[in-house]
Structures are given as C-alpha cells and as structure tokens.
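Below is one structure, written out as structure tokens, with a few remarks after it.
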Number of protein chains: 2
Amino acid sequence: MKKSPEVSNAVIARLPKYYSLLISLREKGMKKISSTQIAECLGYSPSQVRQDFSCFGEFGQHGYGYDIDNLIKNLAHLLDLDRNHNMVIIGAGKLGQAIAHHQLYKKNNIHVKALFDIKEGIKSPDCPVYTMDKLGSFIKENDIDVAMIATDADSCQKIIDDLYALGIRKVLNFVEIDVITPPGMTVLNINVMEGLYILFFKSLMK
Amino acid sequence: MKKSPEVSNAVIARLPKYYSLLISLREKGMKKISSTQIAECLGYSPSQVRQDFSCFGEFGQHGYGYDIDNLIKNLAHLLDLDRNHNMVIIGAGKLGQAIAHHQLYKKNNIHVKALFDIKEGIKSPDCPVYTMDKLGSFIKENDIDVAMIATDADSCQKIIDDLYALGIRKVLNFVEIDVITPPGMTVLNINVMEGLYILFFKSLMK
DNA sequence: TAGATTGTTAATCGATTAACAATC
DNA sequence: TAGATTGTTAATCGATTAACAATC
C-alpha cells in the first residue's frame, strides 16, 4: 500500500500531532474544526495544515471545515491505527516491563502479548514472560506484527535479525546502538542520550 | 551563553550524531577524519558536514581535515558535555528506575543523584529514593541542574512548575501529555506512542 | 445568495549542495 | 611545490506561506 510518491519527513513528523490533537478534541465533544483552528492549537500555519492533508486526499468540505470524526478516521487509516496490532517486547528488565504498560496502547488497538528474556523465571504483572527459545512459535501463533527491543546492546543486532527472519517488519528499538536494518524492515530508535544532548544544547542557546 | 543568531533544528538534530560517531571512532583509535569520511558514516553530504560545523567555528585545518580529539572537545562544549551534570528522576516506578540506569551517563559526566516518588518505601538498586517533600532541599544541596520525569500524567504539569520554582531549567519528560513549558525552561519530550505512529506510517509506506 | 473555508497553484523562504578560493 | 581538504559563497532544491478560484 504505497503512498503518494514521497511524503517528506517534515510531514510525517506532524501526522501524530494532528492525530493526537483531534482525538483529544473529540473527547472534549468537538464535532468540526477548521485548518485555522488546528494550526492555532499546534503552532503551524493554516496553509501548512491544508497542504499536509492534501498529500493524502481531500478530507474537508469547502466552506465548512473538517468533520473531526471523519478526519480522525482518515488519519487513523494513514497511521495504520484502524486495525489491531499484536506486539512482543524483547527484554523483560525494568525498561521492558515499563514499556509493556502504557495507558495509550488500548485506545490505539495495540496489544502487548508477551515479554521475552534470556533469563528464566522473570515475572511481570498482567503479561506473560517467556524465554527466547519460545519467540518463534509465539510470533506465529499470536499473529504478532510489531516488536519493541529493550535488551542490552550486545544482543540487539542479533534480535533484529531474528525478528526479521520471523517475519516482523516493525520494530521500536530502545537500545542505543547503531543497528543495521534489514531491507523491508522499519526500525525506529528511541534514544534517550540523544535527547539529553539536544536538551543541553537548546538550554545553552537560550 | 547565546549561540550565533539562530541554529536550525535540522542542524541541532545532527549534532548528537556527529558527537556519538566521533566518540566511537576515537575508541577505535582513529586520530583524524575528513568531512567526506564523516559524511559517509552518517549518510550526509560533505558540504553539509562542513556547513554544520561552520555555524559554530572553524574546527578543522585546511588540507588536513579534523583532529578527532579536538573536534570532540569543541562539540562537547557546544553540547554542554564538558562539565558535570547532576540529575534527579521524578517517579520511581519501573520506568523511572529503568532510566536511572543508563550505561552512557557515566561517560557523559551525568550523575543520577536520587529518585523521588509520592509513595514511601520504594527501593532502587544503587540509587536513593526519597519522597517528594524532600525534593526542594535535595536540589539545593546537591547542585542538581537537570531532571527527568516519569510519573503519571496527572502530576506532570505540577512537577514541571515545581521544578521550575526550584531553579531547574532542563527537563527530559517521559510523560505523554502536552505540558506548558515555563519561560526560560527547556523541556524535551520522549514520546513512545508518537514513535509507534511514525513507525506504523513508515512501514506502510514501504 | 453571502459568507466561510477548502484544495491548489504560485511566491517566498530556508536548507542543502556545488563550486572554488584559501591554505595547510 | 603539489596535493588535499577546509571554510564560505553562490546555485539549487525543497518546504512553507500566501493568494485565490472553487464550492459548500
């Protein structure tokens, strides 16, 4: 399901902002919204909002604006949020257990099915923990399509390659090393130290 | 210590990449490097590397390239990494405890001095945990300049305002809500759900 | 119909790349 | 000196903003 030729990273980075905003406005009971209102909430320009949406289709009505429900449906489809995602977490230490419980998973149809660790006997509340040798069969039997990695640096690349071999194509990686992404796989890195660097730099600039 | 008029976010986002790369090359024993080599490692263009550095000064030598040690010193200074940082973590649940232990803090002169939580009696390995009422005096007495927040959504804004009142100006926030940043404070948000959204979208585009 | 707001084209702005003089 | 590579200026490319016809 390839999208219109190329969507710039700048646009991609804004999509989650639009989506989160609209969800929270809908929760407050709003039914319609204009590009100007969206722009105000997010600090963008109204043109940019319309330009961004126009990468994907025509979601509004001339002279009216956007029906929030409809816009959310369209964005949810773009972000692949209009279906279930079953997830495993590799690494059942404190970080793995922490990211296994996220208040927003349920709202987004994301289900953490299990954690995996090389160590035996780890327990985590509300979620089974298995040893790594069970990973292959578990992925097959539970229709897993996405994984998070929260192991140590040494095992990370091997785990990515193993997940790839097992058919996983979406990985959110919390391990702060440079990994080689197999072709066709999408790996997104969450990098805390990089965040600190940027925080320090921006703070110094003020 | 205000930097040259305005450094674009695009440049800022690349600074940690340069820094991390150079640190790892130095560990491998490399002494010098050219803009072309840096560009190859990071997937940038050589012009961009030189253009980026030129925002801050002249770090290289004509006809030679960059002395890695010297370049690291310059970047470390830009990123405020050439001095100690003392940090507290607010929220001593699994996430707070996980982010309290990060292999790279030591290398970067970042010291996690304590965790704080509303609950009493929480223990964390290698790091004291105090109740919130001790926060003010602890920050004063331990020369704390940076905080991470890993609490629940409800208390996050109040904690930011409290930290501000206590003189903290650098915050890395793991709580996924929109916060109001007091003027002069720098808050950087780590947002896992946004990461998942972008992961899903990019994966769908392939 | 008049008013409002979209979707899109054109104009502007900023970031990246190319080119090259300076120089080690 | 000849070769290499920087720092910087100019050219190009892409993203944002402005303008406006289309239309609900």
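What's counted below: heavy atoms across the whole structure, side chains too, no hydrogens, waters or symmetry copies. Letters A, B, ... are given to chains in the order of the sequence lines, protein chains preceding strands, and every chain is numbered from 1.
We find the OG1-CD1 distance between T151(A) and I118(A) to be 8.5 Å, quoted to the nearest 0.5 Å.
Going from atom CZ of F59(A) over to atom P of dG7(C) covers 9 Å, rounded to whole Å. For the pair Q48(A) CD and dA18(D) P, the computed distance is 11 Å after rounding to whole Å. Between the CD1 atom of I12(B) and the C1' atom of dT16(C) there is a distance of 17 Å, rounded to whole Å. The CG atom of D67(A) sits 15 Å away from the C1' atom of dT5(C) (whole-angstrom rounding). The separation between N9(B) atom CG and dA15(C) atom P is 9 Å, rounded to whole Å. When rounded to the nearest whole Å, the span between CG of N70(A) and C1' of dT6(C) equals 14 Å. In this structure, the CG atom of D52(B) is 13 Å from the P atom of dT6(D), given to the nearest Å. For L71(B) and dT6(D), the CG to P distance is 11 Å, given to the nearest whole Å.
Using a 4.0 Å cut-off, some side-chain N or O of R14(B) falls inside it from OP1 or OP2 of dT16(C). Taking only side-chain nitrogens and oxygens, Y66(A) comes nearer than 4.0 Å to OP1 or OP2 of dG7(C).
In this structure, the nucleotide among dT8(C), dT16(D), dT17(C) sitting nearest to the side chain of S45(B) is dT17(C).
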Point to revise | Verdict with reasoning, I90(B) to M148(B), per side-chain contact (heavy atoms from CB on, under 4.5 Å) | key: CA-CA 6 Å; I90(B) 318 296; M148(B) 290 186 176; over 6 Å; no
Practice item. Report the C-alpha distance between N86(A) and N142(A) in whole Å, list the side-chain angles of each, state the deciding distance to 0.1 Å, and finish with yes or no for side-chain contact (heavy atoms from CB on, under 4.5 Å). Key: CA-CA 7 Å; N86(A) 295 323; N142(A) 290 273; 5.7 Å; no
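Each of Q51(B) and K32(B) was assigned the nucleotide of DNA chain D with the nearest heavy atom; the assignment lying further toward the 5' end belongs to K32(B).
Here E27(A) pairs with K107(A) in a salt bridge; the nearest charged N to carboxylate O distance falls below 4.0 Å. Taking 4.0 Å as the cut-off between side-chain N and carboxylate O, K32(A) and D67(A) do not count as a salt-bridged pair. Of the charged side-chain nitrogens involved, at least one lies within less than 4.0 Å of a carboxylate oxygen, so that D145(A) and K170(A) count as a salt-bridged pair.
Both distances falling under 3.5 Å, in either a Watson-Crick or a G-U wobble arrangement, place dA22(C) opposite dT5(D). Judged by Watson-Crick or G-U wobble contacts below 3.5 Å, the nucleotide dT17(C) has dA10(D) as its partner.
With 3.5 Å as the limit, one finds a donor-acceptor pair spanning the side chains of H111(B) and N84(B).
Looking at E58(B), its side chain has no donor and acceptor atom pair within 3.5 Å of the base of dT6(D).
If you check every strand for non-hydrogen atoms under 4.0 Å, S35(A) touches sugar and phosphate atoms only. Residue Y44(B) is classed as having no contact, given no heavy-atom separation below 4.0 Å to the nucleic acid.
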Distances under 3.5 Å between protein N/O atoms and the N/O atoms of nucleotides 19-24 of chain C, please, pair by pair.
from: dA19(C); atom 1: N6; to: R50(B); atom 2: NH2; distance (Å): 3.2
from: dA22(C); atom 1: N3; to: H62(B); atom 2: ND1; distance (Å): 2.9
from: dC24(C); atom 1: O4'; to: H62(B); atom 2: O; distance (Å): 3.3

